[in-house]
> 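Handing you this structure, nothing more for now.
Computed from heavy atoms alone, side chains included, the values below leave out hydrogens, waters and symmetry copies. The first residue in the sequence is number 1, and the count goes up from there.
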Amino acid sequence: MKRLKYVTAALLLLPLLSQCSKKLAEVAPGANIDKRTAKVEAIPNPTWYAEARCFLDGSAGAFDDLAVKDPSIVYSGGRYHLFYTGRDKGTGGLWRMGYAAASSIANLKTASRTYMSALNAGSYFCAPQVFWFPAKGKWFLIYQSGQGASFSTSTDVGNPALWTPVRSMGFGDGIDFWCISDGTYVYCFYSAQDGSRTIKRRRTTVANFPYNWEAPTVVATNTFEAVHVYRNKADGKYYMIVEDINRYQELWTATSLGGSWTQVAEKWASRDNLRFLSEAWTGQVSHVEAIRSGTDDRMEIENIDRCQLLIQGVPNGDYGDYGNIPYDLGVIRNYQ
């Protein structure tokens, strides 16, 4: 009789357990679930949704009155801190770095901007990357200048006057330098400047950063420039976003920063899979920076399949020399 009672009780509990399971399954998209169990493969050809431009060229006569490009952005202290390349108008226009900050990305459009004169880097310093380097308790700004791969440091990311003057990292065989750490080594990925259309990689220890780099190795071929590498928290893999010469973004992946890289998609983010939510403001997806989940040298993003990219874009047209292209910045995302 006791056994029969237990069976009867179990049968009565089944509907309640079923309802409980349904409620647990009805988690809203984007809820704070354990991201280690999230999707483990990047979607090779997602649909991208383009928001309106968020950062435009500067006022007449400013260092950035023709174009704003090459963005790097972090969220710290309740503000988005944007570092970028400005291009001024006229023959012999210069590539020089600027800074702006706002409480939201959309508000960058009306934010005041600062020419980064504290770097004392001459007439050519551009393509920044910004991050916090906890091993040395400083913010680092990586960029290219007449000294090749260059850096400056600061204790306050929000004060452009506090950055140290330019210093060389000891090599200069490329452009678009991008650093990322696995906790033991810091790797620098960059675009070769020998006509080979390859991406190179160097390595140094965390203790020696930003000096004492090993000889370069080639990690990707038949590509172009503006390489950005991130650790994806959703699957623990590393993803390399790199720009093709036709101004779209390829996607590559590896299980370690020092390992071999495999292409996931030739056209991961391009005009072909871009939908505009307001103005149709660009015909290309050029030089991107993912909106990161943190600020440090690990370069982490939450999920490659639910990410935002801050891109430089422009309507397609005949602008003559590359330096004449009037780039603006805006956000695209691969989710609704």
> Can you label the angle between the Phe171 ring and the Phe177 ring as parallel, tilted or perpendicular, going by 30° and 60°?
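Ring orientation of Phe171 relative to Phe177: perpendicular.
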> For Thr114 and Met116, indicate whether the former's side chain and the latter's backbone hold a donor-acceptor pair under 3.5 Å.
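Not at all, since once roles are kept as given, no pair shorter than 3.5 Å links the two residues.
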> Taking the side chain as every heavy atom from C-beta outward, state whether Arg167 and Thr153 have any pair of such atoms under 4.5 Å apart.
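Yes, close enough: below the 4.5 Å cut-off.
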> Report the distance from atom CD1 of Ile175 to atom OG of Ser145, rounding to the nearest 0.5 Å.
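OG of Ser145 is found 13.0 Å from CD1 of Ile175.
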> When rounded to the nearest 0.5 angstrom, what is the spacing between CG in Leu309 and CD1 in Ile291?
8.0 Å
> Run the numbers on Asp235 and Asn232 for side-chain hydrogen bond (donor to acceptor under 3.5 Å, both in side chains), then give the verdict.
CA-CA 6 Å; Asp235 61 11; Asn232 187 41; 3.0 Å; yes
> Evaluate whether atom CG of Asn222 has more than 12 neighbouring non-hydrogen atoms of other residues, nucleotides or ligands under 6.0 angstrom away.
no
> Write down the atom of Gln249, the atom of Val285, and the distance for their closest heavy-atom approach.
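Taking every non-hydrogen atom into account, NE2-O, 2.9 Å.
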> Quick check: closest heavy atoms across Gly122 and Phe125, and the distance to 0.1 Å?
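Shortest heavy-atom separation between Gly122 and Phe125 comes out as O-CE2, 3.2 Å.
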> Using a 3.5 Å distance criterion without hydrogens, assess whether the side chain of Glu243 forms a donor-acceptor pair with backbone atoms of His287.
yes
> Can you name the one residue among Val227, Ile199, Leu257, Val242 that meets side-chain contact (heavy atoms from CB on, under 4.5 Å) with Val219?
Ile199
> Counting only N and O atoms by type, is there a donor-acceptor contact under 3.5 Å from the side chain of Ser152 to the main-chain atoms of Thr164?
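Yes: the side chain of Ser152 pairs with the backbone of Thr164.
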> Please enumerate all residues that pass salt bridge (Lys or Arg N to Asp or Glu O under 4.0 Å) together with Glu266, with sequence neighbours excluded.
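Glu266: no salt bridge (Lys or Arg N to Asp or Glu O under 4.0 Å) contacts found.
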> Between Glu250 (side chain) and Gln263 (backbone), is there a donor-acceptor pair under 3.5 Å?
no
> Does the separation of the ring centres of Phe189 and Trp252 fall below 6.0 angstrom?
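Distance test on ring centres: not under 6.0 Å, no.
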> Does Arg96 count as lying over the ring of Phe63, i.e. NZ or CZ under 6.0 Å from the six-ring centre, within 45 degrees of the axis?
no
> Using 30° and 60° as the class limits, which term best fits the ring planes of Trp178 and His228: parallel, tilted or perpendicular?
tilted
> Nearest 0.5 Å please: distance from the CZ atom of Arg247 over to the CD atom of Gln312.
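If I round to the nearest 0.5 Å, the distance is 7.5 Å.
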> With a 6.0 Å cut-off (strictly less than), is the heavy-atom count around CZ of Arg197, excluding the residue itself, greater than 12?
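12 or below, so no.
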> Should Ile142 and Met169 be marked as a side-chain contact (heavy atoms from CB on, under 4.5 Å) after you check the CA-CA gap, both sets of side-chain angles, and the distance that decides it?
CA-CA 9 Å; Ile142 308 297; Met169 290 163 59; 4.0 Å; yes
> Flag the pair Asp305 / Pro46 as yes when at least one side-chain heavy-atom distance between them is below 4.5 Å, and no otherwise.
no
> Under 4.0 Å between a side-chain nitrogen and a carboxylate oxygen: does that hold for Asp182 and Arg231?
no
> Who passes side chain to side chain donor-acceptor pair (under 3.5 Å) against Thr282, sequence neighbours left out?
none
> Start with the C-alpha distance between Tyr230 and Glu289, add both sets of side-chain angles, then the distance that settles side-chain hydrogen bond (donor to acceptor under 3.5 Å, both in side chains), and finish with yes or no.
CA-CA 10 Å; Tyr230 302 94; Glu289 158 82 301; 2.3 Å; yes
> Is it the case that more than 12 heavy atoms not belonging to Arg298 sit under 6.0 Å from its CZ atom?
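Open.
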> Answer yes or no: does atom OH of Tyr49 have more than 12 heavy-atom neighbours from other residues, nucleotides or ligands under 6.0 Å?
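Enclosed.
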> Check the pair Gln284, Tyr327 against side-chain hydrogen bond (donor to acceptor under 3.5 Å, both in side chains), reporting the backbone distance first and the verdict last.
CA-CA 10 Å; Gln284 52 187 256; Tyr327 281 112; 2.7 Å; yes
> If I take atom CG from residue Leu310 and atom OH from residue Tyr80, how far apart are they, to the nearest 0.5 angstrom?
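One finds 10.5 Å between CG of Leu310 and OH of Tyr80.
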> Once rounded to the nearest 0.5 Å, what's the spacing between atom CG of Asp64 and atom NZ of Lys89?
11.0 Å
> Determine whether a donor-acceptor pair (N or O, by modelled atom type, separation under 3.5 Å) exists between the side chain of Arg87 and the backbone of Gly323.
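Confirmed, Arg87 side chain pairs with Gly323 backbone.
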> Could you check whether any side-chain N or O of Asn316 sits under 3.5 Å from a backbone N or O of Gly283, counting only pairs where one atom can act as donor and the other as acceptor?
yes
> Quick check, are the ring centers of Phe151 and Tyr211 under 6.0 angstrom apart?
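Yes.
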> Does the ring of Tyr335 carry Arg306 above it, NZ/CZ under 6.0 angstrom from centre and within 45° of its axis?
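The answer is yes, since Arg306 meets both limits relative to Tyr335.
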> As a quick check of understanding, evaluate side-chain contact (heavy atoms from CB on, under 4.5 Å) for Tyr248 and Arg271, giving each step before the final call.
CA-CA 7 Å; Tyr248 58 78; Arg271 178 62 185 88; over 6 Å; no
> Find out whether Leu82 and Pro71 are in side-chain contact, i.e. whether some heavy atom of one side chain is under 4.5 Å from a heavy atom of the other.
yes
> Between Asp173 and Arg202, is there a side-chain N and carboxylate O pair less than 4.0 Å apart?
yes
> Identify each donor-acceptor pair in which a side-chain atom of residues 126-138 lies under 3.5 Å from a protein atom, sequence neighbours left out, and give them as a table.
{"residue": "Gln129", "atom": "OE1", "partner": "Cys179", "partner atom": "N", "Å": "2.8"}
{"residue": "Gln129", "atom": "NE2", "partner": "Cys179", "partner atom": "O", "Å": "2.8"}
{"residue": "Lys136", "atom": "NZ", "partner": "Phe209", "partner atom": "O", "Å": "2.2"}

> What residue among Trp163, Tyr143, Phe140 forms ring pair (Phe, Tyr, Trp, His ring centres under 6.0 Å) with Phe83?
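So, applying the ring pair (Phe, Tyr, Trp, His ring centres under 6.0 Å) to Phe83 and each of Trp163, Tyr143, Phe140, only Trp163 qualifies.
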